[in-house]
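Each remark here refers to the structure printed beneath this line.
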Amino acid sequence: MIGLLEGDPELPLPKEAERAVISAIRTGRTRYSAASGLPELKEALARRGVGGEILVTNGAKQAIYTALQTIAGPGDSVLIPSPCWVTFPEAVKLAGAEPILVPMPGNSLDVARLAAAVRKNTRAVIVNTPNNPTGAVYGRAELKALMEFAEAEDLVVLSDEAYEALVYDGGEH
């Protein structure tokens with residue numbers, strides 16, 4: 001069993017990260033960095049296929065909160081497949097919008113259920129894969145259907161992939 005409380009999977013710190021921290025301390029890189037993220041980190045993310053403008057945050061929670069502050073407000077709604085991470089609805093509420101929890105069957109992402117929950121004021125959908133708390137890993141076909149749905153409805157997709165490396169039993173993130 002791997003505990004995922006507070007985003008701490010109890011896994012050892014990767015040696016590469018350990019070396020980077022030690023190097024930063026030894027070379028005096030201990031001050032605040034660029035607010036949008038270190039250029040070399042943004043370049044590494046771009047090499048992984050992250051497109052567009054890149055803004056590095058201190059975690060998925062902050063990224064989702066910040067995005068919701070810009071795309072949703074009073075009178076708007078945001079779809080959230082459920083079960084979901086407990087702070088997703090709260091981040092929507094902090095933006096002044098209404099979270100719409102859409103129950104999902106088993107470990108799947110049912111886009112038809114999301115489509116049935118859309119309102120004229122729906123601005124976004126928040127997904128989390130691998131899902132916290134269920135561990136569900138949404139497949140390529142499900143995610144493609146999600147993107148086609150979001151494009152048709154003019155919705156922003158906020159995707160929390162904090163646990164992308166925690167995929168087991170032949171699953172693929």
Side-chain angles (χ1 to χ4, degrees), residues 2-9 35-37 42 45-46 48-173:
I2 297 175
L4 299 174
L5 296 173
E6 293 86 36
D8 182 5
S36 66
K42 293 164 85 171
L45 290 169
R48 284 191 66 194
V50 176
E53 294 184 39
I54 297 173
L55 172 67
V56 177
T57 65
N58 64 10
K61 232 189 268 194
Q62 181 196 358
I64 288 171
Y65 169 81
T66 300
L68 287 168
Q69 290 297 311
T70 64
I71 62 173
D76 293 334
S77 64
V78 175
L79 303 176
I80 307 170
S82 177
C84 64
W85 175 237
V86 296
T87 62
F88 292 166
E90 302 312 311
V92 173
K93 291 176 191 174
L94 286 169
E98 177 188 2
I100 300 175
L101 298 176
V102 182
M104 291 291 129
N107 284 331
S108 66
L109 180 64
D110 188 333
V111 174
R113 287 180 183 229
L114 291 172
V118 169
R119 300 178 184 168
K120 67 177 180 160
N121 63 344
T122 301
R123 300 289 176 248
V125 58
I126 302 173
V127 295
N128 176 222
T129 183
N131 180 279
N132 184 357
T134 68
V137 180
Y138 302 137
R140 190 175 301 271
E142 291 169 300
L143 294 174
K144 183 176 185 226
L146 171 67
M147 296 311 294
E148 289 170 356
F149 154 73
E151 187 172 347
E153 294 291 340
D154 195 28
L155 301 177
V156 173
V157 175
L158 302 175
S159 181
D160 176 354
E161 300 175 30
Y163 297 113
E164 69 176 300
L166 301 178
V167 179
Y168 304 98
D169 296 332
E172 180 185 352
H173 172 264

Closest non-hydrogen atom pair, [X] against [Y]:
X: Ala150; Y: Val157; result: CB-CG2, 3.5 Å
X: Thr122; Y: Ser77; result: OG1-OG, 2.8 Å
X: Thr57; Y: Ala63; result: OG1-CB, 3.5 Å
X: Ile71; Y: Ala124; result: CD1-CB, 3.7 Å
X: Pro83; Y: Thr134; result: CG-CG2, 3.3 Å

Heavy-atom side-chain proximity of Val78 to Leu158 below 4.5 angstrom: no
Any Tyr138 side-chain heavy atom under 4.5 Å of Leu146 side chain: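 Side-chain contact under 4.5 Å: no.
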Rounded distance [0.5 Å steps], CG in Asn128 versus OG in Ser159: 7.5 Å
More than 12 heavy atoms from other groups under 6.0 Å of NZ on Lys61: no
Neighbour count above 12 (heavy atom, 6.0 Å) for Asn58 CG: yes
Could you list the donor-acceptor pairs under 3.5 angstrom formed between side-chain atoms of residues 90-114 and any protein atom two or more places apart in sequence or on another chain?
from, atom 1, to, atom 2, distance (Å)
Glu90, OE2, Lys93, NZ, 3.3
Glu98, OE1, Arg119, NH1, 2.6
Glu98, OE2, Arg119, NH1, 3.3
Ser108, OG, Pro105, O, 2.9
Asp110, OD1, Ala112, N, 3.1
Asp110, OD1, Arg113, N, 3.2
Asp110, OD2, Arg113, NE, 3.4
Arg113, NH1, Pro103, O, 3.1

All pairs passing side-chain hydrogen bond (donor to acceptor under 3.5 Å, both in side chains) where residues 64-76 contributes a residue, at least two apart: Asp76-Arg123
